[in-house]
Structures are given as C-alpha cells and as structure tokens.
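Below: the structure, in structure tokens.
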2 protein chains.
Amino acid sequence: MIPRLQIELPKALSTIVEERLRDAIVNAELSFGQALSEDAVGLSLGVSRTPMREALTRLEQQGLVVIVPKKGTFVFQPTLEDVEQLASFRLLLETSALERCMERAPAETRDDMTSALETMRVAREAGDTKAYARADTVFHESFVNHCGNVHLANAYRTISGRVAALRAHLSVPHSDQQDLSFGEHRSMIEAFENRDLTLLRQLLSQHILRAQAAYADALVEMQR
Amino acid sequence: MIPRLQIELPKALSTIVEERLRDAIVNAELSFGQALSEDAVGLSLGVSRTPMREALTRLEQQGLVVIVPKKGTFVFQPTLEDVEQLASFRLLLETSALERCMERAPAETRDDMTSALETMRVAREAGDTKAYARADTVFHESFVNHCGNVHLANAYRTISGRVAALRAHLSVPHSDQQDLSFGEHRSMIEAFENRDLTLLRQLLSQHILRAQAAYADALVEMQR
DNA sequence: ATCTTGGACACTGTATCCAAGATACAGAGC
DNA sequence: GCTCTGTATCTTGGATACAGTGTCCAAGAT
C-alpha cells in the first residue's frame with residue numbers, strides 16, 4: 001500500500017480565470033459596472049475566449065457579474081435595495097448558522113472565529129484596509145461553514161461574494177467604523193462562548209445593520 | 001408615441017438547452033446519476049457542444065448536475081444527508097418568506113397560493129402525479145416570490161430545483177401521502193389568512209418534515 | 001487464477017473561425 | 001441646428017478542429 005501522495009490536480013483554465021476575476025471583484029480591483037470584454041480580459045490573462053466565457057457564466061450565477069446579451073459582461077452594480085436586502089438575508093442565514101454551530105460544533109467554531117479575529121487585529125494595526133475586509137469575510141464564513149448544512153453554506157457563499165465586494169469597495173480606511181466593527185466581532189465571540197443566544201442574535205443584528213447603513217451611505221456618496 | 005410592442009427576443013440556444021435539461025431533471029425524465037455526454041446530448045438536441053457546455057455549467061451552479069473533470073457530466077444524485085439538509089434549509093427559507101409575505105403582500109400571496117392549490121386539486125383528481133408535483137413546486141414558490149427579497153428568492157430557486165426533482169422522482173402516485181399533502185397546503189392557506197403565524201410555522205414544519213421522511217424512505221427503497 | 005500493462009476509445013479542455021446583433025458616429029436631408 | 005439614417009466596428013453566440021487525459025478491456029506474465 002502506497003501512502004496517499006499529494007497530487008497537484010491541474011485546475012482547468014476556466015476555474016483559474018473564475019477565481020482570479022472573483023478575487024479582483026471582491027477585492028475592489030475592478031469597479032462596479034466595469035465592462036469585462038471576453039476578448040480584452042482573455043488577452044490580458046493569456047487565455048482564449050472559451051474558458052473566459054465559462055468563467056463569466058459561473059460568475060454570473062454567483063451574481064458577481066451581469067451578462068447582457070450581445071452587449072457584454074459587466075461587474076455587478078449594487079443598488080440601495082440590494083444593500084438592504086443582502087443585509088436582511090445575511091442576517092437570516094448567519095443567525096441560523098450560529099444557532100446550529102452552538103449545538104453541533106461549538107469548540108471548532110469558536111476557534112475559527114477567534115483566529116479570524118486575530119487576523120483582523122493584525123490587519124487593523126497594520127492599517128491594511130483590504131486585508132481587514134478579507135478577514136472580516138473569513139470571520140463570517142468561519143461559523144457558516146461549521147453549521148453542518150451544505151446548502152445553507154452554499155447559499156451564503158453566493159451572497160458572500162457580493163457582501164465582500166461591498167466591504168472592499170465601500171469601507172472607509174481607519175475609520176471609527178472599523179473600531180466599532182472589531183469590537184462587535186469580539187463581543188459576538190464572547191456571547192457565543194457564554195452560549196447566550198439572545199445576546200448573540202442581538203449583537204449580530206446590530207453588527208449587520210450597522211454595516212449595511214455604512215455601505216448604503218458610501219454607496220450614495222459614490223453615486224454623487 | 002408608439003405603444004409598447006411585444007417583441008419576441010430570440011433566446012440563446014444555451015438557455016433553451018438549459019431549460020430543457022432542467023425540465024427533464026426536475027420532471028424525472030432523467031434518472032439520478034445518469035450521464036449527460038456533451039456530444040450525445042448535443043447531437044440529440046441538434047446543437048453543438050458550445051451551448052451544451054454553457055448550459056451544463058449553469059446547471060452545475062444550480063446543483064442539478066455534477067461535472068467531473070475529464071469524465072463527464074451526470075445528473076445529481078441526492079444522498080440521505082442531502083434530503084435532510086435540503087428540508088432543514090427549505091424550512092428556514094420558507095418560514096422567513098411566509099413571515100415577510102404576511103407583512104408586505106398578504107393579498108397577492110394568498111391569491112397565488114390559492115390558485116396553485118386549485119391546480120393541485122385538478123391534477124390530483126386527474127391522477128396526474130407529475131402535474132401534482134409541479135403544482136406543489138409552484139405553491140411553495142408562490143409565496144417565496146412575494147417575500148420581497150430577491151436574494152432569498154434566488155437562494156430558494158437554486159434548492160427548489162433539487163427539491164422538485166426529489167418530488168418528481170420519489171413521490172408515490174395516488175398515495176395517502178398526496179391526500180395528506182393536499183390538506184396541509186389548504187391548512188396553510190387558512191392559517192395565512194387568519195394571520196396565525198404560530199400555527200402557520202407549525203404546519204409548514206410538519207409539512208416539510210413529513211415530505212422529507214417520505215423522500216428519504218423512497219430513496220432508500222430506490223437504492224436497494 | 002491473479003496481477004500487470006499496453007492500447008484503443010471516449011470524453012473533456014481549449015483554440016480558432018464564422019455569423020449575427022448592438023452601438024456609435026458621421027453624413028444627408030429638413 | 002436638429003433629426004433621421006446608413007454604415008463601420010465592437011460585441012457576443014455558435015460551430016468546428018485538435019490536443020490531452022482518464023477509463024476500460026483484453027492480452028500477457030507471474
């Protein structure tokens with residue numbers, strides 16, 4: 001018997017392109033509404049249009065781009081309504097996920113949340129806004145991924161990309177918001193450890209709604 | 001000023017293929033795990049592999065098929081765990097949707113639910129199991145689509161396809177289950193009209209969990 | 001009888017080519 | 001100056017050709 005060897009399974013070009021574009025969108029390297037011509041992007045990435053199309057098709061299903069027939073593909077453009085509805089839906093999913101985590105995997109969940117919080121702390125002290133936003137995303141995904149329901153986790157992932165894009169595009173560097181946000185995350189971990197579901201719900205709701213308000217403000221500001 | 005004319009915008013081949021395959025899967029014309037070779041299916045539908053690939057890519061994102069690199073594409077194959085987790089997640093989404101409907105569009109929601117129930121009644125009397133399953137799907141989508149949150153509705157749509165496939169594959173014709181199911185739907189409408197949220201939640205939970213149990217039974221039966 | 005190995009086959013992954021719709025802009029007509 | 005229209009160009013939509021890889025089966029060796 002041969003011990004299991006690590007094989008580098010060659011990723012398909014289309015998935016590489018998908019991940020690359022996904023990163024670019026959620027890390028705000030591309031702006032909302034920006035055109036993504038299959039030709040141009042394919043040329044710049046050194047791939048032909050076929051894997052480009054496949055990547056764009058998947059990104060469309062994830063809501064990160066919109067494909068307009070015969071016109072082109074564009075980075076999604078959130079509306080105020082989107083920001084609001086995303087927050088509302090996030091709240092539903094994350095609340096349910098936290099409840100499930102508390103029942104089935106409290107220790108692992110707490111550990112992952114704590115380590116994500118630590119990453120946030122480092123990023124904040126380094127003044128790295130993008131890294132902070134990424135760690136914020138990881139924090140929320142950490143407990144969603146422990147909830148034990150793959151369909152819930154999948155649904156969360158599809159909206160998580162857009163939420164992350166909002167964070168990266170609209171969060172203000174070094175703001176009081178960031179301090180507030182950090183404190184809220186820490187409080188959530190505490191409440192989770194104390195198994196205080198009522199408080200946890202309240203904190204989560206407060207956290208998400210405050211973030212939503214900030215994004216909404218930034219969005220209006222951006223549109224002016 | 002010209003009155004708005006209806007123009008038939010020609011659907012892309014890939015979307016036609018997608019819808020056709022989607023129908024085939026959720027109406028149990030294709031069995032779980034069945035291979036869908038791009039060549040073979042493309043030939044039988046009279047399209048080339050390019051739109052085939054695009055359609056399959058989208059269906060994969062919806063969880064209706066799985067694409068195994070270098071091997072092929074196959075109709076998704078639900079496990080017992082899937083059935084359970086789908087039910088659990090459905091319950092979360094539908095409960096939330098019903099609450100939102102009651103607040104923002106009770107009249108339209110009730111009308112759509114009622115008309116879907118009528119379709120179910122007709123199908124039941126005609127003994128058309130597939131039509132009954134389809135109407136069942138429409139019933140549940142009717143209130144989800146009135147909940148006012150597009151992201152919730154989208155998430156529901158992605159799991160709805162798989163739930164519908166379970167229904168079509170695993171529901172038993174003319175069974176007591178069907179009578180039970182019909183009655184439960186009617187009771188739900190009543191509770192909705194009376195704005196009795198507590199009862200409605202209980203009915204929905206009961207309805208979904210009973211269906212889950214039936215699908216689980218049919219699935220093990222099928223695997224033997 | 002069982003294990004190994006070679007090769008044929010089938011499938012996907014990618015590139016290239018052609019067709020058709022959408023848009024922008026320039027020029028003609030008023 | 002304004003409007004309409006024709007055309008040039010850019011975009012996607014689809015078809016086809018080719019290369020790479022995994023799978024299966026059968027033949028040979030142990």
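So that the names make sense, note that chain A is the first sequence line, chain B the second, and so on, each numbered from 1.
A 4.5 Å side-chain heavy-atom check between B:Leu86 and B:Arg90 finds every atom pair outside the cut-off. Side-chain contact between A:Leu92 and B:Leu93: present, with at least one pair of heavy atoms (C-beta onward) separated by less than 4.5 Å. Using a 4.5 Å cut-off on side-chain heavy atoms (C-beta onward), B:Tyr132 and B:Asp128 make no contact. Between A:Gln62 and A:Arg157, the closest side-chain pair of non-hydrogen atoms is not below 4.5 Å.
Per the geometry, NZ belonging to B:Lys70 stands 14 Å off P belonging to D:dA19, to the nearest Å. Atom pair B:Met52:CE and C:dG13:P shows a separation of 13 Å (rounding to whole Å applied). The CG-P distance, from A:Leu13 to C:dT16, rounds to 12 Å in whole Å. Summarising the geometry, the separation between CD on A:Glu54 and C1' on C:dG13 is reported as 8 Å, rounded to the nearest angstrom. Across the protein-nucleic acid pair, B:Ile16 atom CD1 and D:dG13 atom C1' stand 12 Å apart, rounded to whole Å. Rounded to whole Å, atom C1' of C:dT12 lies 11 Å from atom CZ of B:Phe74. Distance CG (B:Leu43) to P (C:dT12): 13 Å, rounded to an integer number of Å. The nearest whole Å value for the distance from the CG atom in A:Asp39 to the P atom in D:dT11 is 7 Å.
In the displayed structure, A:Glu29 atom CD is contacted under 6.0 Å by more than 12 heavy atoms of other residues, nucleotides or ligands. In B:Glu103, the CD atom is not crowded: 12 or fewer heavy atoms of neighbouring residues, nucleotides or ligands sit closer than 6.0 Å. Environment of CD in A:Glu118: crowded, with over 12 heavy atoms of neighbouring residues, nucleotides or ligands closer than 6.0 Å.
Two residues, A:Pro69 and A:Ser48, neighbour DNA chain C, and the one matched to the more 5' nucleotide by heavy-atom proximity is A:Ser48.
Dashed line: the shortest gap from a side-chain N or O of B:Thr50 to OP1 or OP2 of D:dG14 is not under 4.0 Å.
Under the 30°/60° scheme for interplanar angles, the aromatic rings of A:Phe32 and A:His169 are found to lie parallel. Using cut-offs of 30° and 60° on the angle between ring planes, the pair B:His207 and B:His140 is parallel.
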remark   = The dot-bracket string of DNA chain D, counting Watson-Crick and G-U wobble pairs with both distances under 3.5 Å, using [ ] for crossing pairs and | for pairs to another strand, is ||||||||||||||||||||||||||||||
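Checked against C:dT14, D:dG22, C:dA15, the side chain of B:Lys71 finds its nearest nucleotide in D:dG22.
Listed by residue number, the members of residues 55-68 of chain B with any heavy atom below 4.0 angstrom from DNA chain C form an empty set.
The residue B:Glu38 sits close only to the backbone: its heavy atoms come under 4.0 Å of sugar-phosphate atoms, none of a base. A:Ser37 comes within contact range of the sugar-phosphate backbone alone, with a heavy-atom separation under 4.0 Å but no base atom that close.
With hydrogens and angles ignored, a donor-acceptor pair under 3.5 angstrom links the side chain of B:Arg49 to the base of C:dG13.
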